[in-house]
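Take a look at the structure set out below.
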Amino acid sequence: MIADAAAGLRIARERLPGAALLPVFVPPWNRLAPDLAAALPGLGYRGLSAVPGPPIPGLHRLDATLDPIDWRGTRSLREPRTLLHDLAADITRAPERPLGLLTHHRVHDGAVWSFVGALLADLLRHPAIQVLDLREHFGAPAMDMAPTASKSQVSQIARTG
């Protein structure tokens, strides 16, 4: 897995202009082995986006916190009230953590696209929401080094109120 992650970043660097590349690892199914996670900074990765987990020295995290798909049932949109309840509970539990919307664009159906579009429109109109600049977030020199969330002051799609 470590060799594959190294090869993936090497290939991306060969094929993408430097300014277009964000060296952020997004593991399949949003989960990864601890050994692989620990190796990512040494491979040249600056960030990680997966299911919420502990900080990894040398990486900025920006994790997926809301998955709109009912994977074990309809494989379409989860119950919208449940999604919104889960979102509110997550905001209450960790108001400093950025929101991360997990998207599966290849399997989204009309109901998922409609919900995601309406949710993003509502969030972006809210005065407590700021959009995260991914280049600033993942390019910032301060990395997560302790068991607390990043203290980055960059604008972010986060709960600020």
Side-chain angles (χ1 to χ4, degrees), residues 5 8-9 12 20-34 36-38 40-41 43 45-73 75-109 111-161:
L9 185 56
L21 178 66
L22 279 176
V24 176
F25 191 79
V26 182
W29 302 282
N30 296 305
R31 289 163 178 81
L32 72 162
L36 174 57
L40 292 174
L43 299 176
Y45 286 93
R46 299 287 311 250
L48 171 66
S49 181
V51 295
I56 297 166
L59 292 178
H60 282 289
R61 289 195 75 131
L62 187 59
D63 293 320
T65 57
L66 185 69
D67 185 349
I69 296 182
D70 175 15
W71 290 105
R72 292 188 174 105
R75 298 186 69 82
S76 182
L77 182 66
R78 287 176 50 210
E79 167 56 44
R81 286 185 183 172
T82 301
L83 282 167
L84 296 174
H85 178 269
D86 290 351
L87 179 61
D90 183 53
I91 291 169
T92 301
R93 208 173 22 257
E96 73 289 344
R97 185 174 65 209
L99 298 175
L101 178 62
L102 186 57
T103 57
H104 309 276
H105 64 280
R106 294 186 68 171
V107 297
H108 282 191
D109 61 13
V112 174
W113 281 119
S114 179
F115 176 83
V116 167
L119 176 65
L120 289 175
D122 287 344
L123 288 172
L124 293 173
R125 281 193 299 268
H126 196 282
I129 297 295
Q130 297 175 343
V131 176
L132 174 67
D133 181 324
L134 295 177
R135 297 217 170 273
E136 287 182 29
H137 180 78
F138 290 116
M143 298 293 192
D144 289 344
M145 300 301 279
T148 58
S150 172
K151 303 294 188 224
S152 174
Q153 295 300 311
V154 298
S155 65
Q156 50 188 302
I157 193 163
R159 291 71 61 157
T160 59

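Along the sequence shown, residues are numbered consecutively beginning with 1. All heavy atoms count here, side chains included; hydrogens, waters and symmetry mates do not.
A donor-acceptor pair under 3.5 Å links the side-chain atoms of Arg78 to the main chain of Asp67, judged by distance alone. Formation of a donor-acceptor pair under 3.5 Å by the Arg31 side chain with backbone atoms of Trp29 is found in this model.
More than 12 heavy atoms of other residues, nucleotides or ligands sit less than 6.0 Å from atom CH2 of Trp71.
For the pair Arg75 and Val107, the minimum side-chain heavy-atom distance is 4.5 Å or more. Under the 4.5 Å side-chain criterion, counting only non-hydrogen atoms from C-beta, Leu59 is in contact with Tyr45. Under the 4.5 Å side-chain criterion, counting only non-hydrogen atoms from C-beta, Leu99 is in contact with Leu87. Residues Pro54 and Arg61 meet the side-chain proximity criterion, which asks for heavy atoms closer than 4.5 Å. Inter-residue side-chain proximity for Leu84 and Leu119 is flagged as met; some heavy-atom pair is nearer than 4.5 Å. The side-chain heavy atoms of Pro68 and Leu101, taken from C-beta on, include a pair separated by under 4.5 Å.
From Leu43, atom CG reaches atom CG of Leu36 across 7.5 Å, with rounding to the nearest 0.5 Å. Atoms NE2 and CG, from His108 and Leu77 in turn, are 9.5 Å apart once rounded to the nearest 0.5 Å. From Leu83, atom CG reaches atom CG of Leu66 across 5.5 Å, with rounding to the nearest 0.5 Å. A distance of 11.5 Å separates CG in Asp90 from NE2 in His85, rounded to the nearest 0.5 Å. Taking NE2 of His104 as the start and CD1 of Ile69 as the end, the distance is 4.5 Å to the nearest 0.5 Å.
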*asked:* His126 vs Ile129, test: side chain to side chain contact (heavy atoms under 4.5 Å, CB included). Steps then yes/no.
replied: CA-CA 6 Å; His126 196 282; Ile129 297 295; 3.9 Å; yes

*Residues Asp109, Ser76; criterion side chain to side chain donor-acceptor pair (under 3.5 Å); working and verdict*: CA-CA 7 Å; Asp109 61 13; Ser76 182; 2.4 Å; yes

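Smallest separation of non-hydrogen atoms from Asp63 and Gly53: OD2-N, 3.7 Å. Closest heavy-atom contact between Ser49 and Ala64: OG-N, 4.3 Å. The two residues Pro23 and Leu9 have their closest heavy-atom pair at CB-CD1, 3.9 Å. Shown here for Thr65 and Pro98, the closest heavy-atom pair between the two residues is CG2-O, 4.1 Å. When all heavy atoms are compared, the tightest approach of Ala38 to Pro41 is O-CD, 3.4 Å.
Salt bridge Asp133/Arg135: absent, no basic N to carboxylate O contact under 4.0 Å.
Between His60 and Phe138, the ring planes are perpendicular. Angles over 60° get that label, and only those under 30° would be called parallel.
Checked options Leu134, Leu48, Val26; the residue passing with Leu62 is Leu134 (criterion: side-chain contact (heavy atoms from CB on, under 4.5 Å)).
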